[in-house]
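Here is the structure we will look at.
Below, all heavy atoms of this structure are taken into account, side chains as well, without hydrogens, waters or symmetry copies. Chain naming here is simple, since letters A, B, ... match the order of the sequence lines and numbering starts at 1 in each.
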Amino acid sequence: GLPMYGEILSPNYPQAYPNEVDTSWHIEVPEGFGVHLYFTHLDLELSENCEYDFVQILSGGIQEGKLCGQRPRKSADSPIVAEFRVPYNKLQVTFKSDFSNEERFTGFAAYYVAVDVDECTEFLDVPCSHFCNNFIGGYFCSCPPEYFLYDDMRNCGVNCTGDVFTALEGEITSPNYPSTYPENSRCEYRIELEEGFQVVVTMRREDFDVEPADADGRCQDNLVFVSRKQQYGPYCGHGFPGPLVIETGSNTLDVIFQTDLTGESKGWKLRYHGDPIPCPKDVKANSIWEPEKAKYVFKDVVKISCVDGFEIVQGSVGSTFFYSSCQSDGRWSSPDLVCQRTRDCGPPAPLEHGRVAEPEDTSFGAVARYSCVEPYYSMEPDGAGLYRCSGNGSWVNEVLGAELPECVPVCGVPRKPWAAAQQR
Amino acid sequence: IFGGRAAEAAQVPWQVFLRDAATWAGGALVAARWVLTAAHAVDGAAPPAAFAGSASARSADLRRAQALRPRRVFLHPGWKAGLEPDARRDFDHDIALLQLRDPVEMGPAVGPICLPGRSEAYTPSAGDVGLISGWGGTERRERALTLRAAVVPVVPAQRCRQAAAQADGGVYAFTDNMLCAGEPGVDSCQGDSGGALAVRDPQHRDDDNPRFYVAGLVSWGKKCGTYGVYTKVSRYLDWILKTMQENDVADDD
């Protein structure tokens, strides 16, 4: 609905304009067009820098021109006395007169038309990454062969995403390698191996040539590896700057290569292979692993037994061993189970008519000695006073087991002899 | 005790004093909860009070002694119970067990006497000597307030039969369940009943710490200071062990 042309006349034109006029016209033509504004008549009071009466042309807040006085025709075969072209579709025209005009001035007559703009050339910003095509009222971008236009309709790139590598070993290169890689692209590859294998990437320095980092150290073109556990990179430059062998610890790895608009480098080539994910040989204290190996990998199972006096407590249940398996993520199952001291035997039970020398330490192996109140009581069975804290948390005697001995009264032995009781 | 002298509790730590309105007798501690005594000493309506660890029978001293709370009396099944004491002429099976509510705390003045072993060696014969003790009559008093003890020889049974016959025309029965011990002037007497005739254990060789077993219990006699008749404990070993085993209870009821 916007006009393609129009007319602007000073008040009372072609009669003299009044004093103290302050009028503005806002011109707007359709998007994709510029404005051509031309004056066919101009008769205003002349003043230095057009201070008194003037007509001012503004585009986007910037003054395109300020006119006063009279202007002659620019050429004999044209009625135009002044003209302006802007590549934008909006323009503002303002007319002002001061409070006193001693002479009679007839003002101005101006016309505008919408004119096509060549967006591909008339702006400082390059609108398209590759090819720009102008048409009346707009433009469009296009791409070279094998490139495609991104959704922003301005940028072109190559389609290099989506390759999934599942073989246990392989090689991946940047597009066109060893020829220069395409600009303005993002390539996402994925290495996806069987669970239990980790991706190991091997890179040779000479197989890597990516536009070096900018002055701020940022890699505009870069290669990044992303595993489940961590990210490696971004890498750029001449020669691979990272470790030549990367053990990712993960069975999947995303390889992401990103390029900007500029630069001409040959790209990169990497090799990868799958390695069974190892579980750490993390033999905890007081435990024995069977079988013993230098390296444990996915699907290995070990029996972890506790040494005497130690046990594994799961909930309220204690046992002397458990099985742990090396999982696909490189972690042992039940990693929190450790051999801990068996439950404390606690203080030995009291013995009627006896005493117990209670040890400070009442855990496994501790010794408690029972004795009877002598000479009035004796132990039955004789000498059964030694108890050890056993692995099951109870005090145990070699003969009686967990039972306590008895302190029985010593019979028939007076503490004072009856001197007369001698056989005659 | 005739012919004896004052004894300390530590010299006869098994000695138990039985006392109530009708009883003044002795007993022998044989286990933490058991006192062996003469049946005729406890053949009454209720078990008497019992004390251990005191040589004195004075009430004031007994308060400091270890009081033993009787739980139950077990008379030997062969004992003819319920006869009038003055009319009794048959003292066969004069043995009883007094069960205590609480175990006795052993110490220097309190300790059990051993039971006899099963061998013949634990049936004393003439020539053996035994230690008797009690608070019974002496040459000068009807009852002693301080424990007295004496050593008596075991003598042939005939001596006691003769003594009984001479005293009462042979109406008293002397059986194989009895021992005869004593000598003129050395004897047990009324009030010593139930106390032990303690004889050295023939199979215990430690002379420095001799061990005694209860060979007899003061039972009866016609005249104090001649010969006394004692229940022969070895004849009752099975009954004693069986009774204690079947009735031993750990908890006080």
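Heavy atoms of A149(B) lying under 4.5 Å from chain A belong to its backbone as well as its side chain. Neither the backbone nor the side chain of V30(B) comes within less than 4.5 Å of any heavy atom of chain A. Proximity to chain A involves both the backbone and the side chain of P108(B), based on heavy atoms less than 4.5 angstrom apart. For A109(B), no part sits under 4.5 Å from any heavy atom of chain A, backbone or side chain. Heavy-atom distances place the backbone of V410(A), and not its side chain, under 4.5 Å from chain B.
Among all heavy-atom pairs drawn from P414(A) and P210(B), the shortest one is CD-O, 3.9 Å. When all heavy atoms are compared, the tightest approach of M106(B) to Y377(A) is N-OH, 2.9 Å.
Not counting sequence neighbours, the partners of K281(A) by the salt bridge (Lys or Arg N to Asp or Glu O under 4.0 Å) test are E292(A). Partners of W289(A) under the ring pair (Phe, Tyr, Trp, His ring centres under 6.0 Å) rule, at least two apart in sequence or in another chain, are Y296(A), W332(A).
The environment of E139(B) atom CD is dense: over 12 non-hydrogen atoms of other residues, nucleotides or ligands sit within 6.0 angstrom. With a 6.0 Å radius and a threshold of 12 heavy atoms from other residues, nucleotides or ligands, K229(A) has its NZ atom above the threshold.
Between atom SG of residue C411(A) and atom CH2 of residue W14(B) there is a gap of 9.5 Å, rounded to the nearest 0.5 Å.
Annotation: disulfide bond (SG atoms under 2.5 Å apart) contacts involving residues 346-386 of chain A, sequence neighbours excluded, comprise C372(A)-C407(A).
Listed by sequence position, E352(A), H353(A) are the residues of residues 347-357 of chain A in contact with chain B, using a 4.5 angstrom heavy-atom cutoff.
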